[in-house]
Amino acid sequence: MSRFWKPGTERPQLVDDEEGGVIFVSSTPSHSIEKQRQRLPVYKYRTHILYLVENHAATIIVGETGSGKTTQIPQFLNEAGWAEGGRVIACTQPRRLSVQSVAARVAEEMGVTLGDEVGYTIRFEDLTKPGVTRIKFLTDGVLLREMMEDPLLTKYSVIMVDEAHERSLSTDILLGLLKKIQCRRPELRLIISSATIEAKSMSAFFRPSKRREEKGADKLGPTKEPAILSVEGKGFTVQTHYLEEPASDYLRTAVSTILAIHDQEPPGDVLVFLTGQDDIDAAVQLLTEDNTRRSSGLLVLPLYSGLSRADQELIFSPTPRSKRKVIISTNIAETSLTLEGVVYVVDSGFSKQRFYNPISDIENLVVAPISKASARQRAGRAGRVRPGKCYRLYTEEFFNKEMSAHGIPEMQRSNLASSIIQLKALGIDNILGFDWPAPPAPEAMVRALEILYLLGVIDDDAKLTSPVGFQVAEIPLDATVSKMILSGHLLGCSEEVITVAAILSIQSIWVSVRGSQKELDEAKLRFAAAEGDHVTYLNVYKAYLQSGKSPQWCHKNFINYQAMKKVVETRGQLTRIAHRLGIALKSCEKDTEVFRKAVTAGFFTNACRLEGGVYKTVRNSQEVHIHPSSVLFRVNPKWVVYHSLVLTDRHYMRNVMTIEPSWLTEAAPNLYQQKSSNFDAR
DNA sequence: GAGCACTGC
């Protein structure tokens, strides 16, 4: 393995003595970078980490922000020889942006060109050189995809799963699979980087069962017992303040807290966590309308994903002298964005969270208390530049009693269809017996299997069907959308379904402008089709191409240019995947009926009928409404299918299309022809 | 009459 010591022979101290000569074997970086590296808290654990990785199959590293674990540990491993002999050190991240920035940073520290010894892979972008790349950063989703080609991930010697405490869908699947791989590849080392609160459960997960431990008590390999190592962070202390009494109106409390900070505290920016766009806009308005002396000198900026790129970038502009920046944000600032200069955090204690109800098969978004882990994460945002303060708009009792230690893993609040397909494509058919880091509810598994069966993705034995099931597994989209693409191919409109699949995979192609709602609606009418939103999207895409993909044209028509660029990119990827599956692009031209039949073949479970002025889902008579953003809003055709349902105060169908009821029986005869009989064949 | 956040060869 390593060139420096073997388990049981040399002690870590000896390695310590040797390491001076091996740092940066591949380059001669500047002195200052090396000095900076040495100042990171993780640096003094270098020997210890290398020793643990050498001797343990899995090492859990608890590292707080600023410990340097993400950038340094892969370098330590590289210096210690884990990338010798063409092997690669992998480090996964939940987000593309972190993959790119961390890879760039590490390449800089090593003094190499990004894409050579240090590379990265994210969707649409592979900056690695086989045989040259030693350290590879990638999203956990990409690593999962790589497993479809190489189930044992043989080219990697060490896989570091970073930010595992976030418990994203793909992180959890990855952890389950990595544990399985280690049974076949005892030489593979895992490093799981996690926040304190999750370390114990991670360790328990990677601890082998008693039976297996006795059987596999091989003296040669590393011990199966996971190691845990804590590395302190570099953040400054944050003083926490709680309310003495619960707030009756948290929005007004937030506003008065901001004004009090501005009034009484030394300079420093303020970051405020609220739940959503509505509350944020309201708070911004309250502050900007407050024309008293108290609010003068405040620069109030909203931050949420629905904002245009330009508006989001305002956040990063330097604060003018004599001004205090107040950023009022959703959860986006909790993990995805780092804001420098923040000294004060105001935390509402709530966020919007997605939950999935497997009984109704509906995902909804509800305002719920955040976890203690999230509250700490939010508070930590105040201590990045100097000691800060966090004002929690709830009582200490609420923190102790109402907030759970950590959030519910995404796996336990999601529709499982995509995860199940991924596992089945890797040959794991016993879904109920899979070693999940957080087992989903049996109802959710059963519901997902039922939907996959109806789509024809799995058969009576719950195995992937051929070719449909295997093809669906190849396409990085929801099974419903993938099925739509395959049906589109059979019906002669692959071009159209791929375009619409790309558009549906992004949040919205329209610019979000609250003030000029009327103009947006008028712009929409220029493309609106009587058949509904899907056909409208085809019109928009065609017109966008005719404009020569012009940003000015987008601006004039209230279309989000950045979104359209993503659509073109996604469409390109889907076209390449389709090509590999033997699907050539073919257009149905003006025949929207075959296109709508193809959509129906993927979305028949989302069929609705107008009954006495309201829509009811065909499957379970759930009352639903057409979302006001749909071109079919107030048009109310008799039969529709929808792409997704959002639950706020009502169930709203987003992206709605008219259908003929006979198409449903064509698409899913076993579901719709004998509705009265028992279709739940699973 | 209305939109938490991520992600995918």
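Remember, predicted model here, so these are calculated numbers, not experimental data. Chain letters run A, B, ... following the sequence lines, proteins first and then strands; every chain starts at 1.
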For [X], answer base if it contacts any base atom (sugar-phosphate contacts may also be present), sugar-phosphate if it contacts only those atoms, and nothing otherwise; contact means non-hydrogen atoms under 4.0 Å.
{"X": "A:Arg354", "answer": "base"}
{"X": "A:Arg580", "answer": "base"}
{"X": "A:Glu410", "answer": "base"}
{"X": "A:Arg123", "answer": "base"}
{"X": "A:Leu477", "answer": "base"}
{"X": "A:Phe124", "answer": "nothing"}

Toward the 5' end of DNA chain B, which comes first, A:Phe633 or A:Ile332, by nearest nucleotide?
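The residue mapped nearer the 5' terminus is A:Phe633.
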Identify, between A:Gly276 and A:Arg650, the residue whose nearest nucleotide on DNA chain B lies closer to the 5' end.
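Going by which nucleotide is closer to the 5' end, it is A:Arg650.
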A:Thr480 and A:Asp478: CA distance, side-chain angles, deciding distance, side-chain hydrogen bond (donor to acceptor under 3.5 Å, both in side chains) verdict:
CA-CA 5 Å; A:Thr480 45; A:Asp478 276 350; 4.5 Å; no
Under 3.5 Å, is there a donor on one side chain and an acceptor on the other for A:Glu334 and A:Ser374?
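There is such a pair (donor and acceptor under 3.5 Å, judged by atom type) between the side chains of A:Glu334 and A:Ser374.
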Short side-chain N/O contact to [N] OP1/OP2 from [X], under 4.0 Å:
{"X": "A:Gln277", "N": "B:dA2", "answer": "no"}
{"X": "A:Arg654", "N": "B:dA2", "answer": "no"}
{"X": "A:Thr330", "N": "B:dA5", "answer": "yes"}
{"X": "A:Thr139", "N": "B:dG8", "answer": "yes"}

Pairs under 3.5 angstrom only: tabulate donor-acceptor contacts from the side chains of residues 624-633 of chain A to other protein residues two or more places apart or in another chain.
unit_1	atom_1	unit_2	atom_2	d
A:His625	NE2	A:Glu623	OE2	3.2
A:His627	ND1	A:Ser629	N	3.0
A:His627	ND1	A:Ser629	OG	2.8
A:Ser630	OG	A:Asp533	OD1	3.4
A:Ser630	OG	A:Asp533	OD2	2.7
A:Ser630	OG	A:Leu632	N	3.0

Check the distance between B:dT7's C1' and A:Asp478's CG and give it to me in whole angstrom.
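Taking CG of A:Asp478 and C1' of B:dT7, I get 11 Å after rounding.
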Can you check the A:Asp278 CG to B:dA2 P distance for me, whole Å?
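Spelled out: CG on A:Asp278 to P on B:dA2 is 9 Å.
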Return yes if the base of B:dG1 and the side-chain atoms of A:Asp521 contain a donor-acceptor N/O pair under 3.5 Å, otherwise no.
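Under the 3.5 Å cut-off, the side chain and the base do form a donor-acceptor pair.
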Can you find an N or O donor on one side and an acceptor on the other, under 3.5 Å apart, linking the side chain of A:Glu474 with the base of B:dC9?
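Side chain to base: pair found, below 3.5 Å.
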Hey, what do you get for CG (A:Leu574) to OG (A:Ser505), rounding to the nearest 0.5 Å?
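The distance works out to 7.0 Å.
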Closest approach to the side chain of A:Tyr652, judged atom by atom: which nucleotide of B:dG1, B:dG8, B:dT7 is it?
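Out of B:dG1, B:dG8, B:dT7, the nucleotide with an atom closest to A:Tyr652's side chain is B:dG1.
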Give every residue pair that meets the side chain to side chain donor-acceptor pair (under 3.5 Å) criterion with at least one member in residues 412-423 of chain A, sequence neighbours excluded.
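Pairs touching residues 412-423 of chain A that pass the test: A:Arg354-A:Ser414.
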